[in-house]
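The model shown is predicted, which means the values in this text are computed figures rather than measured ones.
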Amino acid sequence: MKKSVDKIIGRVTRQRGANGERKVLQKINIHLTGEQAKKWNPARGTEFVAVETQDGIFLRPANPPLTKIYLEPTLNCNLRCRTCMRNSWDEPSGDMPMETYSRLLRGLKNVQTFQTLAFWGFGEPLMHPQIVEMIRMARKQGIKTELISNGMLLNRELAGELVEAGLDTIVFSIDGTTPESYSGVREGSSLSAVLENVKGLRDARIMKFRRNPEIGIEYVLMKSNLPDLANIIPLAREMEAGFIILTNLLPYVESMKDEILYWLAASGIFPAARSKWHPEIILPRFDTRPENMKYLKELIEHSAASGYQPDRNSRAEGSCPFVRKGSAAVSWDGKVSPCVALMHSYTCYVLGREKKMLRHTVGDVSAESMTEIWNREEYSRFRERVMEFDFSPCVGCGGCDMSETNGEDCIGSPFPTCGDCLWAKGVIVCP
C-alpha cells in the first residue's frame with residue numbers, strides 16, 4: 001500500500017454564487033501519495049474549486065498546471081481539404097525554427113506536471129523537414145509525443161524513422177471510408193495510398209520490435225459522410241487502430257454550413273428541458289454489436305440530442321477541455337495561445353451564423369520560457385475566467401450582433417470571449 005503524505009494545505013472555494021463572488025469554504029489538508037506529490041508538486045496554499053456533481057463534491061485546481069502543448073510544427077500542407085480552416089484565411093506559411101523548438105523544450109525541463117507534446121495544427125506536421133528530430137528530442141526529455149497526420153507523406157523510410165524516434169501515438173485524419181467519399185473531402189489525397197502507408201508503419205513496428213506508435217483515427221462527421229460510418233470499424237481493424245475519435249464539423253466556408261449534424265445538440269435545449277416530445281436518452285457502456293444496436297436504433301433516431309456531455313458545473317454554460325486539462329497551443333511562429341481555436345484569425349460558421357475569430361496570443365516561446373508565459377498574471381486570470389465559463393450563452397440563445405466576433409460579449413466579458421465555442425459544448429473534439 002502506498003504511503004499517503006500530507007503534501008499541502010489548500011483553500012477550497014465554491015463556484016460563483018448569486019452575487020457573482022467566490023466564497024472560501026475552509027482550509028483543508030490534501031493527502032497525496034508520494035508518486036502523486038512528485039508528479040503534480042502543488043505548492044502550499046494552492047487554491048481548489050469545489051464543483052458539486054450528482055456523485056458528490058469534485059475538487060479541481062482553480063488554476064490547472066501545464067500538462068500538454070499542442071505544437072504546430074508548420075503551416076504548410078500538401079492537401080486542400082474542404083473541412084480545413086485554411087480555406088477561410090490568407091496567412092503566410094512557414095516552419096517552426098529548430099532554435100525556437102529547442103528553447104521551448106529547455107523551458108519545459110523543470111515543469112514536473114508537463115506530460116504530452118502533440119504535433120498538431122493547421123498544417124501537415126510531416127512537412128516539417130526536421131519533424132523526426134523534434135520527436136526524438138522530446139522523447140529524450142521524457143515527454144510523451146503525439147502526431148496527427150493526413151498520412152500521404154508517410155513513406156516506409158519516414159515510418160521507420162518515426163518508430164525509431166519513439167513516437168507514442170499517431171492519429172490519421174480519415175473523413176471517408178470509401179475512395180470516393182474520402183477524396184471528395186481531401187482533395188489531392190487517396191485512401192488506398194494512406195492505407196498502404198499505414199501498413200508500412202505497422203511493418204516498421206514489427207521490424208524494429210516496437211509496439212509504438214499506437215495508431216488512431218479521427219473522423220469529422222458530416223451529413224455527406226455519415227453513411228460511411230458503417231465501414232469505420234472494418235477500416236479501423238485493417239489499420240490496426242486502437243481508438244477512433246468522432247468529432248463534428250466546424251464549417252469555415254459558407255458552402256459547408258448545412259453539413260453539420262448538431263443543430264439541436266449544440267444548444268442542449270431539449271435534454272435540459274426534458275421535453276416529452278424529445279426525451280433525453282442516457283446510455284450505459286455496452287457492446288455495439290449489430291445484434292444489440294438493432295434494438296436501440298429507434299431510440300437513438302428519436303432522441304433530440306445524445307452523446308458526449310462536457311464536464312461542467314451546474315451553473316456554467318460550457319467547459320473548456322483545453323484550459324481544464326492544463327493545455328496550451330504554440331503556433332509555428334512561436335506564439336502561444338490558450339487553445340487551438342485561438343491560434344489563428346479566420347472565419348467560421350456557428351450554427352449557420354458567420355463569425356470572425358480573432359487570434360489571441362499570450363506570449364512567444366522564441367523570446368521567453370513557457371513557464372514565464374504560463375505563470376503570467378494576465379494568462380492566469382484568463383484561465384480562471386474560462387474555468388468558470390463566465391460568458392454569454394451565445395450557442396444556446398442564437399447569437400446577436402456582438403457574437404459576430406469573439407470580442408466583447410453582451411454581458412461585458414472582454415476579448416477573447418468563448419460563449420460560442422463548440423469545443424466547450426462538447427461538439428468539436430480534439431485528440
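- The distance from atom NZ of Lys140 to atom CD1 of Ile135, rounded to the nearest 0.5 Å, is 13.5 Å.
- Looking at Ser102, its side chain never comes within 3.5 Å of a backbone N or O of Glu99 through a donor-acceptor pair.
- When ring centroids are compared, Tyr70 and Phe322 come within the 6.0 Å threshold.
- Partners of Phe415 under the side chain to side chain contact (heavy atoms under 4.5 Å, CB included) rule, at least two apart in sequence or in another chain, are Leu358, His360, Asn406.
- In this structure, Glu372 does not pair ionically with Arg376, as no charged nitrogen and carboxylate oxygen lie closer than 4.0 Å.
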Q: Start with the C-alpha distance between Leu147 and Thr169, add both sets of side-chain angles, then the distance that settles side chain to side chain contact (heavy atoms under 4.5 Å, CB included), and finish with yes or no.
A: CA-CA 6 Å; Leu147 188 145; Thr169 304; over 6 Å; no

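- Ion pairing between a basic and an acidic side chain is recognised when a charged N comes within 4.0 Å of a carboxylate O; Glu146 and Lys68 show such pairing.
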Q.
Determine whether Met256 and Met222 satisfy the following criterion, side chain to side chain contact (heavy atoms under 4.5 Å, CB included), listing intermediate values before the conclusion.
A. CA-CA 9 Å; Met256 296 290 288; Met222 297 172 279; 3.7 Å; yes

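- A distance of 10.5 Å separates CG of Leu221 from CG of Asp228, quoted to the nearest 0.5 Å.
- Here side chain to side chain donor-acceptor pair (under 3.5 Å) pairs that include residues 190-202, with residues two or more places apart or in two chains, are Ser190-Ser192, Lys199-Asp203, Arg202-Glu240.
- Summarising the geometry, atom CZ belonging to Arg353 is positioned 9.0 Å from atom SG belonging to Cys348; distances are rounded to the nearest 0.5 Å.
- For the pair Leu154/Phe172, a side-chain contact is recorded, criterion being any heavy-atom separation below 4.5 Å from C-beta on.
- Under a 3.5 Å cut-off, the side chain of Tyr262 and the backbone N or O of Leu249 do form a donor-acceptor pair.
- A donor-acceptor pair is defined here as one N or O able to donate and one able to accept, closer than 3.5 Å; such a pair exists between the side chain of Asn225 and the backbone of Val220.
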Q: Show the numbers, then the answer: is there a side chain to side chain contact (heavy atoms under 4.5 Å, CB included) between Trp120 and Val171?
A: CA-CA 10 Å; Trp120 187 97; Val171 181; over 6 Å; no

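- Of the candidates Lys335, Glu91, Met343, Lys335 is the only one forming a side-chain contact (heavy atoms from CB on, under 4.5 Å) with Arg359.
- Residues Lys356 and Asp420 are not paired through a salt bridge, judged by the lack of any N-O separation under 4.0 Å between the basic side chain and the carboxylate.
- Of the possible polar contacts, one joining the Arg86 side chain to the Phe122 backbone as a donor-acceptor pair under 3.5 Å is found.
- Ion pairing between Glu133 and Arg136 holds under the 4.0 Å rule for side-chain N and carboxylate O.
- In this structure, Thr247 contributes its side chain and Val429 its backbone to a donor-acceptor pair below 3.5 Å.
- Tyr101 does not carry Arg103 over the face of its six-membered ring by the limits of under 6.0 Å from the centre and within 45° of the normal.
- By the ring-ring contact (aromatic ring centres under 6.0 Å, His included) test, Phe391 is found to be paired with Phe389, residues two or more places apart in sequence or in another chain being considered.
- To the nearest 0.5 Å, atom CD1 of residue Ile260 and atom CG of residue Leu250 are 9.0 Å apart.
- Between the side chain of Thr100 and the backbone N or O of Met96, no donor-acceptor pair lies under 3.5 Å.
- Rounding to the nearest 0.5 Å places CG of Asn150 at 7.0 Å from OG of Ser173.
- Heavy-atom neighbours of Arg80 CZ from other residues, nucleotides or ligands within 6.0 Å: at or below the threshold of 12.
- In this structure a side-chain-to-backbone donor-acceptor pair under 3.5 Å is present from Glu124 to Leu126.
- For Ser88 (side chain) and Met85 (main-chain N/O), a donor-acceptor pair under 3.5 Å exists by modelled atom type.
- Heavy-atom neighbours of Met207 CE from other residues, nucleotides or ligands within 6.0 Å: at or below the threshold of 12.
- Within the model, atoms CE of Met127 and OG1 of Thr74 stand 6.5 Å from one another, a figure rounded to the nearest 0.5 Å.
- Checking Glu72 against His128 by side-chain atom types alone, no donor-acceptor pair falls below 3.5 Å.
- Counted within 6.0 Å of NZ on Lys355, heavy atoms from surrounding residues, nucleotides or ligands total more than 12; the atom is thus considered enclosed.
- Judged by distance alone, with hydrogens and angles left aside, the side-chain atoms of Arg205 form no donor-acceptor pair with the main-chain N or O of Arg210 at under 3.5 Å.
- Put simply, the side chain of Ile69 reaches to within 4.5 Å of the side chain of Phe114, judged on heavy atoms.
- A donor atom on one side chain and an acceptor atom on the other are not found under 3.5 Å apart for Glu354 and Thr347.
- For Tyr252 and Tyr346, the ring centers sit closer than 6.0 Å to each other.
- A salt bridge links Lys257 with Glu254: the distance from a Lys NZ or Arg NE/NH1/NH2 to an Asp or Glu carboxylate oxygen falls below 4.0 Å.
- Of the possible donor and acceptor atoms, one in the side chain of Asn87 sits under 3.5 Å from a partner among the backbone N and O of Cys81.
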Q.
For Glu164 and Val132: C-alpha separation, side-chain torsions, deciding distance, then whether side chain to side chain contact (heavy atoms under 4.5 Å, CB included) applies.
A. CA-CA 9 Å; Glu164 286 187 346; Val132 174; over 6 Å; no

